[in-house]
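See structure below.
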Amino acid sequence: MLKIEIFKEDVRVDQSQTRPKDGKEPRTLYNQTAYVYLGGKFPVQMKIGLEENQTPYAAGVYTVKSESYSVNNFGSLELKKYGQILELVSSNLGERQ
């Protein structure tokens, strides 16, 4: 199981904008900071994409829901670029010890 942890200080939405390119308007991106455990000594900081007006995920330990994956044109499993959904595993670990 892939473990993703969100700490209480990261229960917020961070906004950024893309630069206008090829005549397109800039786009606002909404993210939340989280930490993923990939087997190393320390977790790796990452960003979870959020929808506009989406409530940020609460502090806790999550895993990626199966709806966040798809099979690509080559028959391989891949994580969707947009629309990733986290599933709460435990809410009592959202603080650093």
Side-chain angles (χ1 to χ4, degrees):
M1 173 182 78
L2 184 65
K3 178 181 167 184
I4 298 172
E5 190 163 5
I6 297 175
F7 296 102
K8 68 178 183 174
E9 62 267 21
D10 296 316
V11 180
R12 68 176 190 281
V13 178
D14 298 317
Q15 291 184 24
S16 61
Q17 275 203 325
T18 61
R19 293 185 204 186
K21 186 172 150 185
D22 299 328
K24 294 181 182 175
E25 294 291 320
R27 214 174 101 193
T28 303
L29 304 174
Y30 305 92
N31 295 294
Q32 182 174 3
T33 300
Y35 295 84
V36 61
Y37 293 82
L38 297 174
K41 188 172 182 177
F42 300 105
V44 178
Q45 184 176 340
M46 62 174 284
K47 295 196 178 293
I48 300 290
L50 302 174
E51 297 293 324
E52 185 175 7
N53 300 319
Q54 181 180 344
T55 302
Y57 289 98
V61 176
Y62 295 81
T63 191
V64 180
K65 289 188 82 167
S66 60
E67 298 94 276
S68 299
Y69 295 94
S70 64
V71 175
N72 66 21
N73 293 340
F74 302 102
S76 299
L77 183 67
E78 67 182 16
L79 186 60
K80 291 179 181 177
K81 186 172 183 178
Y82 301 105
Q84 298 168 11
I85 304 169
L86 300 184
E87 179 175 36
L88 185 64
V89 175
S90 173
S91 62
N92 62 354
L93 299 175
E95 298 183 31
R96 294 174 197 217
Q97 303 294 324

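Hydrogens, waters and symmetry mates play no part in the numbers below; they use all other heavy atoms, side chains included.
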(message) Side chains of Met1 and Val89, heavy atoms from C-beta outward: is any pair under 4.5 Å?
(response)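 Yes - at least one pair of side-chain heavy atoms lies under 4.5 Å apart.
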
Expected list for residues 48-61: side-chain donor-acceptor pairs under 3.5 angstrom, two or more places apart:
| unit_1 | atom_1 | unit_2 | atom_2 | d |
| --- | --- | --- | --- | --- |
| Gln54 | OE1 | Glu51 | N | 2.9 |
| Tyr57 | OH | Leu86 | N | 3.2 |

(request) Any salt bridge (charged side-chain N to carboxylate O under 4.0 Å, His left out) involving residues 12-31? Give me the pairs, sequence neighbours left out, ordered by first then second residue. (result)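 Found Asp10-Arg12, Arg12-Asp14.
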
(message) Nearest 0.5 angstrom please: Tyr62 OH to Glu87 CD, how far?
(response)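 So the OH of Tyr62 and the CD of Glu87 are separated by 11.0 Å.
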
(message) Would you say Ile6 ends up clustered with Leu2 if hydrophobic residues are merged whenever their side chains have heavy atoms under 4.5 Å apart, either directly or through other cluster members?
(response)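 Yes: a chain of side-chain contacts under 4.5 Å links Leu2 to Ile6.
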
(message) Are Phe42 and Val36 connected into the same hydrophobic cluster when the rule is that any two of I, L, V, M, F, W, Y join if their side-chain heavy atoms are below 4.5 Å apart?
(response)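 Result: no, two separate clusters.
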
Please find the pair of heavy atoms, one from [X] and one from [Y], that lie closest to each other, and give the distance.
X     : Y     : value
Tyr69 : Leu79 : CE2-CD1, 3.8 Å
Gln17 : Thr28 : NE2-OG1, 3.3 Å
Val64 : Ser68 : CG1-CB, 3.3 Å

(message) Please check: side-chain N/O of Lys80 versus main-chain N/O of Ile85, any donor-acceptor pairing under 3.5 Å?
(response)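 No; zero donor-acceptor contacts below 3.5 Å.
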
(message) According to ring pair (Phe, Tyr, Trp, His ring centres under 6.0 Å), who are the partners of Tyr30, at least two apart in sequence or on a separate chain?
(response)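 Tyr30: no ring pair (Phe, Tyr, Trp, His ring centres under 6.0 Å) contacts found.
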
